[in-house]
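Below: the structure, in structure tokens.
Atoms considered below: every heavy atom in the structure, side chains included; atoms not considered: hydrogens, waters and symmetry mates.
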Amino acid sequence: MKRTDYIKWDEYFMGVSKLAGMRSKDPNTQVGACIVSEDNKILSMGYNGFPNGCSDEDFPWERDGDVLETKYAYVTHSELNAILNYRGGNGGLAGAKLYVSLFPCNECAKAIIQSGIKTVIYDSDKYINTPGNIASKRMFDAAGVKYIKYQHSGRQITIDV
């Protein structure tokens, strides 16, 4: 008889996105993203960090102060990294699902829409009702991108590293 306590697809892909987020060197916020095809194949992953060639040692991780002395002017978000990391074929990301640990900002929402991703499954909506969050949801609604809050199964999944 086969096992019945295996994890479901949503648990698996959200777990992969959270694992990807663990690669982030950001001391405050670690966000991961996993893009999945309609037939549940992982197409790409990403996490928040500096662009290739921009050393983690040479750019600031600060959150406060002059914008050029904070991470905000330099960090690429996990969603955009996952989109840019995609190396697939002609089908592109059209119709794909994006699993992400934090609801996308308005800048990432633009890239998600432009890439053809049709569903966003997110875990945290930490910035709910902020202007950027509202703008993301408006654009998703207008473009027909579904956004769904991840439903935790209640199962505790631990990863020994």
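- Taking the side chain as every heavy atom from C-beta outward, Trp61 and Asn28 never approach each other to under 4.5 Å.
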Inset, instruction - Check step by step if side-chain contact (heavy atoms from CB on, under 4.5 Å) holds for Ile113 and Phe140. - result: CA-CA 7 Å; Ile113 293 164; Phe140 285 157; 3.9 Å; yes
Inset, instruction - Could you walk me through whether Leu43 and Arg87 pass side-chain contact (heavy atoms from CB on, under 4.5 Å), step by step? - result: CA-CA 8 Å; Leu43 300 174; Arg87 299 286 185 258; over 6 Å; no
Legend entry - side-chain contact (heavy atoms from CB on, under 4.5 Å) evaluation trace for Lys41 with Val36: CA-CA 5 Å; Lys41 305 290 187 274; Val36 179; 5.9 Å; no
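- Of the possible polar contacts, one joining the Ser136 side chain to the Pro104 backbone as a donor-acceptor pair under 3.5 Å is found.
- Side-chain contact annotation: Asn133 with Lys137, donor-acceptor N/O pair under 3.5 Å present.
- Counting heavy atoms of neighbouring residues, nucleotides and ligands inside a 6.0 Å radius, atom CG of Asp64 does not exceed 12 of them.
- Ring pair Tyr74/Phe50 is perpendicular by interplanar angle, where above 60° counts as perpendicular and below 30° as parallel.
- For Lys149, the NZ atom is densely surrounded, since the number of other residues' heavy atoms within 6.0 Å is greater than 12.
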Legend entry - Working for side chain to side chain donor-acceptor pair (under 3.5 Å), residues Ser44 and Asn85: CA-CA 6 Å; Ser44 187; Asn85 288 339; 4.8 Å; no
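- Residues Asp123 and Met14 meet the side-chain proximity criterion, which asks for heavy atoms closer than 4.5 Å.
- At least one side-chain heavy atom of Phe103 sits less than 4.5 Å from a side-chain heavy atom of Tyr147.
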Legend entry - Test side-chain contact (heavy atoms from CB on, under 4.5 Å) applied to Val120 and Val145, step by step: CA-CA 7 Å; Val120 174; Val145 174; 4.0 Å; yes
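- When each of Ile148, Ile35, Asp10 is checked for a side-chain contact (heavy atoms from CB on, under 4.5 Å) with Tyr99, only Asp10 meets the rule.
- For CE of Met45, the number of neighbouring non-hydrogen atoms (other residues, nucleotides, ligands) closer than 6.0 Å is 12 at most.
- Using a 4.5 Å cut-off between side-chain heavy atoms of Ile, Leu, Val, Met, Phe, Trp and Tyr, with links allowed through other members, Trp9 and Val16 fall into the same hydrophobic cluster.
- Side chain of Ser17 to backbone of Ala33: no donor-acceptor contact under 3.5 angstrom is found.
- Between the side chain of Ser78 and the backbone N or O of Gly46 there is no donor-acceptor pair closer than 3.5 Å.
- Looking at Ser24 and Asn48, their side chains do bring a donor and an acceptor atom within 3.5 Å of each other.
- With values rounded to the nearest 0.5 angstrom, Leu98 atom CG is found 12.0 Å from Phe13 atom CZ.
- In this structure, the side chains of Lys110 and Met139 come closer than 4.5 Å at one or more pairs of heavy atoms.
- Ile121 has its side chain within reach of Lys97: a pair of non-hydrogen atoms, C-beta onward, lies under 4.5 Å apart.
- For Tyr122 and Tyr150, the ring centers sit 6.0 Å or farther from each other.
- Between the side chain of Ser115 and the backbone N or O of Leu93, no donor-acceptor pair lies under 3.5 Å.
- For Asn106 (side chain) and Ala135 (main-chain N/O), no donor-acceptor pair under 3.5 Å exists by modelled atom type.
- Taking both residues in full, the closest heavy atoms of Gly21 and Gln30 are given as O-CB, 3.2 Å, listed atom of the first, atom of the second, then distance.
- Salt-bridge formation is not detected for the pair Lys8/Glu11: no Lys NZ or Arg NE/NH1/NH2 atom is positioned less than 4.0 Å from an Asp or Glu carboxylate oxygen.
- The closest side-chain heavy-atom distance from Ile42 to Tyr12 is below 4.5 Å.
- Scanning all heavy atoms of the two residues, the minimum distance from Glu79 to Cys105 falls at OE2-N, 4.2 Å.
- The backbone N or O of Ile112 sits nowhere less than 3.5 Å from a side-chain atom of Gln114 that would complete a donor-acceptor pair.
- The existence of a salt bridge linking Lys71 and Asp26 is confirmed by a sub-4.0 Å separation between a basic side-chain nitrogen and an acidic carboxylate oxygen.
- The local environment of CG in Asn40 is crowded, with over 12 non-hydrogen atoms from other residues, nucleotides or ligands closer than 6.0 Å.
- Within the 4.5 Å cutoff, the side chain of Ile117 has heavy atoms near those of the Ile83 side chain.
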